[in-house]
Amino acid sequence: MENPNLAEYLPIALMFIFALGFVVTTMIATHVLGPKRKSKIKLDTFECGIESKGNARIPFNIKYFLVAILFVLFDVEVIFMYPWAVNFKSLHWEGFIQMTVFISLLLVGFFYILKKGALKWEE
Amino acid sequence: MDDATISHLLITFGVLAGLLLVAPGLIWLERRLLALWQDRYGPNRAGPFGLLVVLADTLKLFFKEDWIPPFADKKVFVLAPAIVVITVLLSFVVIPFAPGIIVADMNIGLLFFLAMSSMGAYSIILGGWSSNNKYALLGSMRGAAQLISYEVFMGLSLMGVVLMTGSFSLIDIVEAQRYQWFIVPQFLGFVIFLIAGIAETHRLPFDIPEAESELIAGFHSEYSGMKFGLFFVGEYIGIMLISSMVTVLFLGGWYGPSFLPPLAWFIIKMFGFIFFFILLRASLPRPRYDQLMEFGWKILLPLSLLNLVVTGGIILWMNTH
């Protein structure tokens, strides 16, 4: 390989092909080997034996969406900390103080979210 | 092909084969250990110690009807179990089992692990949504929220280790623990990582996406045959993955007294954590969903930030004195 960085990722491609091969073989095998029987009741949604009503394309709690938004905010900030963590020793106290300021700003937002009740599931 | 390529191929294939062989074995191990702790026998008829029950289970799953519900979104339905197995197998690429036994030594190993483990959330949400079943939908919604929340804390808890080594390469991290395991200076990080890891693998007591007593089987209610089996295998390989990550990051990886080879130490530590996972299942009740989320955001997040700042401060203070 000319590019040493690219060669580093070659085993991943290899592993991906192996894993994909395993999954595809398994799925085909179980599809071919298993029996196929159909009846009206079996084709219904499984709901503990109660007659099923409608489908599952229903509205769900907005809080789940709120958690997803929180995740995007905080995870991006975590990613922002990684380059700092790797170069931590060379950035010294200066970098440390900057990151402390950043984290305290993060905490202000965090307390705002808590006060707004974004994590209260009861309401 | 030269020798290096062949040994690379052998390692890759060996890791894959090892994982796929050990995963069903773990199901047997779990059943036996649960039985032991609940004062009953567990599977003990087929073969020595009931070991052949693994084979029987696998064959049974293969010969079950592979049912794709007519009301489901078929392409996504098939894709979901594939994602979990592939991503969890790919995560093992960066794990150093012993010196020289690693599939790919990348300088971004830790980031690769985090990326792959967050891909796992897709399998839950896609599987649950495409099933078009209300229980599955509920399970996948809970699962997605749980997985993405705990991923934040997982990423933050690892930061202390990165501060101490200054590298994302897992080999560097293990070698930095030659004289002292990171569990001592990073105990808080270790605890947070372990809790987040249990939540990421959605194992008991955090198996809220599945919660069989309330949601049948949660996001995989509609799966059958080996498609269900793939979710199952994915879960057990996920347990192995988190156990190996804890070993690598906090317990010194392959280091140990020299009367055993490095690989043996790694496997002993890994299995210690697998036993711990099973013990948790045997002993703890499941928390409520809102309790889990509140615990994560209100306790683990501030704690992991505190851990990060304190670790950073102490390292810099020690460097200047």
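Chain identifiers are assigned alphabetically (A, B, ...) following the order of the sequence lines, protein sequences preceding nucleic acid strands; residue numbering begins at 1 within each chain. Heavy-atom basis, side chains included; hydrogens, waters and symmetry copies ignored.
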ask   = For the residue pair B/V78 and A/M27, what are the closest heavy atoms and their distance?
value = O-CE, 3.2 Å
From B/D290 atom CG to A/K63 atom NZ, the distance as rounded to the nearest 0.5 Å = 11.0 Å
query = Contact part of B/F13 toward chain A, heavy-atom cut-off under 4.5 Å: side chain, backbone, both or neither?
reply = both
inquiry  = Using a 6.0 Å cut-off, check whether atom CZ of A/F102 has over 12 heavy atoms from anything other than its own residue.
reply    = yes
query = Side chain, backbone, both or neither: which part of B/L137 has an atom under 4.5 Å from a heavy atom of chain A?
reply = side chain
inquiry  = So which atom in A/A29 and which in B/F62 form the shortest heavy-atom distance, rounded to 0.1 Å?
reply    = CB-CE2, 3.7 Å
ask   = Is chain A contacted by the side chain of B/I11, its backbone, both, or neither, given a heavy-atom distance below 4.5 Å?
value = neither
key: Contact leader toward chain B among A/L14, A/L66, A/L20, A/V86, where contacts are heavy-atom pairs under 4.5 Å   = A/V86
key: Smallest separation among heavy atoms of B/F63 and A/P35, with atom names   = O-CD, 3.2 Å
key: Atom pair CG/CG of A/L106 and B/L301 - distance to nearest 0.5 Å   = 7.0 Å
ask   = Checking heavy atoms, do the side chain of A/I103, its backbone, both or neither come under 4.5 Å from chain B?
value = side chain
query = Between B/V85 and chain A, which part of the residue has a heavy atom less than 4.5 Å away: side chain, backbone, both or neither?
reply = side chain
inquiry  = Is B/L306 in contact with chain A via its backbone, its side chain, both, or neither, using a 4.5 Å heavy-atom distance?
reply    = neither
CA sep, side-chain torsions, deciding dist, call: B/I86, A/F22, side chain to side chain contact (heavy atoms under 4.5 Å, CB included) = CA-CA 9 Å; B/I86 290 177; A/F22 166 72; over 6 Å; no
task = Sort out for me which of B/K64, B/E294, B/M159 touches chain A most, counting heavy-atom pairs under 4.5 Å.
result = B/M159
request  = Determine yes or no for a side-chain-to-main-chain donor-acceptor pair under 3.5 angstrom, with A/Y82 supplying the side chain and B/G155 the backbone.
outcome  = yes
note = Heavy-atom closest pair (B/L163 atom, A/A85 atom, distance to 0.1 Å) is CD2-CA, 3.7 Å
remark   = Applying a strict 4.5 Å limit to non-hydrogen atoms, the region of A/I113 in contact with chain B is neither
note = When the 4.5 angstrom heavy-atom criterion is applied to B/I148 and chain A, the contacting part is both
task = For B/L308 and A/M81, run side chain to side chain contact (heavy atoms under 4.5 Å, CB included): C-alpha distance rounded to whole Å, both residues' side-chain angles, the deciding distance at 0.1 Å, then the answer.
result = CA-CA 10 Å; B/L308 178 66; A/M81 287 178 197; 3.6 Å; yes
query = B/V94 versus chain A, heavy atoms under 4.5 Å apart: side chain, backbone, both or neither?
reply = neither
message = Using every non-hydrogen atom in the two residues, find where B/A145 and A/Y64 come nearest and quote the distance to one decimal.
response = CB-CD2, 3.9 Å
ask   = Just wondering, do B/V152 and A/L70 contact through their side chains at under 4.5 Å, heavy atoms?
value = no
remark   = Per ring pair (Phe, Tyr, Trp, His ring centres under 6.0 Å), B/W297 is matched among A/F71, A/F110, A/F74, A/F111 by A/F74
request  = Begin from the C-alpha positions of A/L33 and B/M226 and carry the test side chain to side chain contact (heavy atoms under 4.5 Å, CB included) through to its verdict.
outcome  = CA-CA 10 Å; A/L33 290 175; B/M226 245 344 247; over 6 Å; no
task = Would you mind checking which part of B/M141 comes under 4.5 Å of any heavy atom in chain A, side chain (CB onward), backbone (N, CA, C, O), both or neither?
result = both
ask   = Out of B/V162, B/L316, B/L114, B/V93, which one racks up the most heavy-atom pairs below 4.5 Å with chain A?
value = B/L316
inquiry  = Quick one, A/F18 and B/L89 - any side-chain contact, counting heavy atoms below 4.5 Å?
reply    = no
Exercise: identify the closest heavy-atom pair between B/D66 and A/T30 = CB-O, 3.7 Å
